[in-house]
Amino acid sequence: MSAADPAPAEDFATAVLDWFERHGRHDLPWQHPATPYRVWISEVMLQQTQVSTVIPYFERFLARFPDVESLAAADRDDVLAHWAGLGYYARARNLHRCARMLVSQHNGEFPHALDDVAALPGIGRSTAGAILSLSRNAPHAILDGNVKRVLARYYAVPGWPGQTAVARRLWTLSEAVTPRRRARDFNQAMMDLGATVCNRQPQCQRCPLRSDCRGLAEGDPTVYPGRRPRRQKPLRQTTMLIIHGHGGILLERRPDTGIWAGLWSLPEATGDPETWAREQLGAGIQLLEESPATLRHEFTHFSLEIQPVRGRLMDETVVADNDRLWYDPLSDEAPGLPAPVHRLIHQKEPSE
DNA sequence: AAGGCGGGGTG
DNA sequence: CACCCAGCCTT
């Protein structure tokens, strides 16, 4: 067999599994114990998020919500507060909804059929396969970013995996190489291989698949998988009000759709801040001299320029309600705040 | 099929 | 600055 011919599926799995025994990651927090609940939480946190970022969030989340019952019983604000800073907040809302569905409809346990798991909110085909294989050794394939990278390079699959046809090819390949009897170790091994060897700067000399890798045989495996078509991102601007009163700072709950949905944030003024306060709060504000500097926040699909304006509430008639609260950063437990808002609020306050 | 949805790490 | 990361959901 020549150098760049793909090995039979059994040889592929054997090479990956042998490598895993010695070089895989065996001490990630969600691996001990790898219960369906812990694997599920970790897999959702790991969607589009790197392991090193997830670990401290996972520890805090599990300490507060140790099982599906405690998560189902929690308030949504509490769940979001433990997710704040991780991003993609629909994940937290879906996680909460899913916990309630598991408790009310599935006796607090995940179904055994792949399609039933993939039908739950926030769980797609790959996450469903990961939950069932990593926690129960069920024979399901996965296709996360690591597996896509390894397979696209090994089989020299051209094109961007965001394209349906490319994704379908990769799924077929993943199904073909996943062994029936050791799907748990194999899936973990593929993710470890993708994260530690077959990554941005691949270390092919350490790869168990190097002798049969088409991408390497072609000369440059990093041309696979194909890149996402690039688009230029627009600049948006906003004014955020830091209004002091009632011993704290005024926060508003963001709407259920759009960016930072469901989180608490600073009020955004359209137009003149004092006019905004009179119309929206029914109270005057006095603008203060010391406003923080303008800050810029980068999203994947746009840039946001935030102009902070500090003010003081002139009368104490504005009360908290379901969508409005007064937050004292020094003594209150932090609610779910977007990362740039958290940074803004927890800067040093002027002593006045 | 395409776009929305965060934030941090890295080059 | 750009791109990437244990994706999913809506339109």
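Keep in mind that this is a model prediction, so the values were computed, not measured.
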### Query
For atom C1', what is the distance between C:dC5 and B:dC5, given to the nearest Å?
14 Å
### Summary
Among C:dA2, B:dA2, B:dG4, the one nearest any side-chain atom of A:His301 is B:dG4
### Query
At under 4.0 Å between heavy atoms, what does A:Thr53 touch on the DNA or RNA strands: base, sugar-phosphate, or nothing?
nothing
### Distance, rounded to the nearest Å, where A:Leu295 contributes CG and B:dG7 contributes P
12 Å
### Minimum-distance nucleotide (side-chain atoms of A:Arg296 versus C:dC1, C:dA6, B:dG7)
C:dC1
### Task
Hey, which sits more toward the 5' end of DNA chain B by its nearest nucleotide, A:Pro338 or A:Gln163?
A:Gln163
### Query
Between C:dC3, B:dG6, C:dA6, which one does the side chain of A:Val51 approach most closely?
C:dA6
### Message
Rounded to whole Å, please give me the gap between CZ in A:Arg228 and P in C:dC3.
### Response
10 Å
#### Entry: Atom-pair distance (CD on A:Glu298; P on B:dT10), nearest Å
18 Å
### Query
How close or far is atom P of B:dC5 from atom CG of A:Leu263, stated in whole angstroms?
13 Å
### Query
C:dC3, C:dA2, B:dG7: which one has an atom nearest the side-chain heavy atoms of A:Arg200?
C:dC3
### Query
To the nearest angstrom, how far is A:Tyr89 atom OH from B:dG8 atom P?
8 Å
### Rounded distance (Å) that lies between atom C1' of B:dG3 and atom CH2 of A:Trp160
9 Å
### Task
Measure from the side-chain N and O atoms of A:Arg97 to the backbone N and O of A:Pro121, and report whether any donor-acceptor pair falls under 3.5 Å.
no
#### Entry: Nearest-neighbour nucleotide for the A:Trp260 side chain, C:dA6, B:dG6, C:dC9 considered
B:dG6
### Query
Looking at A:Tyr57, is A:Arg60 sitting on its ring face, NZ or CZ under 6.0 Å from the six-membered ring centre and within 45 degrees of the normal?
yes
### Task
May I ask you to evaluate whether A:Arg230 reaches the phosphate of C:dC3, defined as a side-chain N or O under 4.0 Å from OP1 or OP2?
yes
### C1' gap between C:dT10 and B:dG7, integer Å
22 Å
### Query
Roughly how far apart, to the nearest Å, are C:dC3 and B:dG3 at atom P?
15 Å
### Query
Which one, C:dC9, C:dA6, B:dC5, comes nearest to the side chain of A:Asn94?
C:dC9
### Task
With the side chain of A:Gln47 defined as its heavy atoms from C-beta on, choose the nearest nucleotide among C:dC8, B:dG7, C:dC5.
C:dC8
### Query
Side-chain N or O of A:Arg149 less than 4.0 angstrom from OP1 or OP2 on C:dC5?
yes
### Task
Indicate, with a heavy-atom threshold strictly under 4.0 Å, whether A:Trp83 touches base, sugar-phosphate, or nothing.
nothing
## Note on the structure
In terms of heavy-atom contacts, A:Pro273 and A:Ile285 come closest through O-CD1, 3.9 Å
### Query
Taking the C1' atom of each, how far is B:dG6 from C:dC4, in whole Å?
13 Å
### Message
What's the gap between C:dC8 and B:dG8 when it is taken at their P atoms, as a whole Å value?
### Response
23 Å
### Summary
When rounded to whole Å, the CZ to P distance for the pair A:Arg91 and B:dG4 reads 18 Å
### Task
Please determine if a side-chain N or O atom of A:Thr164 lies less than 4.0 Å away from the OP1 or OP2 oxygen of B:dA1.
yes
### Query
Quick one: is C:dC5 close enough that its OP1 or OP2 comes under 4.0 Å of any side-chain N or O from A:Tyr88?
no
#### Entry: Cluster link A:Tyr155 to A:Val197, ILVMFWY, side chain under 4.5 Å
yes
### Task
Look at A:Gln48 and C:dG7 and indicate whether a side-chain polar atom (N or O) is within less than 4.0 Å of OP1 or OP2.
yes
### Query
B:dG8 phosphate, OP1 or OP2: any side-chain N/O from A:Arg343 under 4.0 angstrom?
yes
### Query
Can you check the A:Asn199 CG to C:dC3 P distance for me, whole Å?
19 Å
### Query
Reckon A:His297 has a side-chain N or O less than 4.0 Å from the OP1 or OP2 of B:dG7?
yes
#### Entry: Pi-cation contact, A:Phe302 with A:Arg236 (under 6.0 Å, within 45°)
yes
### Query
If you check every side-chain atom of A:Gln50, which of B:dC5, C:dC5, C:dA6 has the closest atom?
C:dC5
### Task
Evaluate salt bridge (Lys or Arg N to Asp or Glu O under 4.0 Å) for A:Asp78 paired with A:Arg64, printing each intermediate quantity in order.
CA-CA 9 Å; A:Asp78 200 1; A:Arg64 172 63 186 84; 2.5 Å; yes
### Query
Under 6.0 Å between ring centres, would you say that holds for A:Phe20 and A:His26?
yes
### Query
With sugar-phosphate meaning primed atoms plus P, OP1 and OP2, does A:Gly258 contact a base, only sugar-phosphate, or nothing at under 4.0 Å between heavy atoms?
sugar-phosphate
### Residue A:Arg227, side-chain atoms from C-beta onward, closest of B:dG6, C:dC4, C:dC8
C:dC4
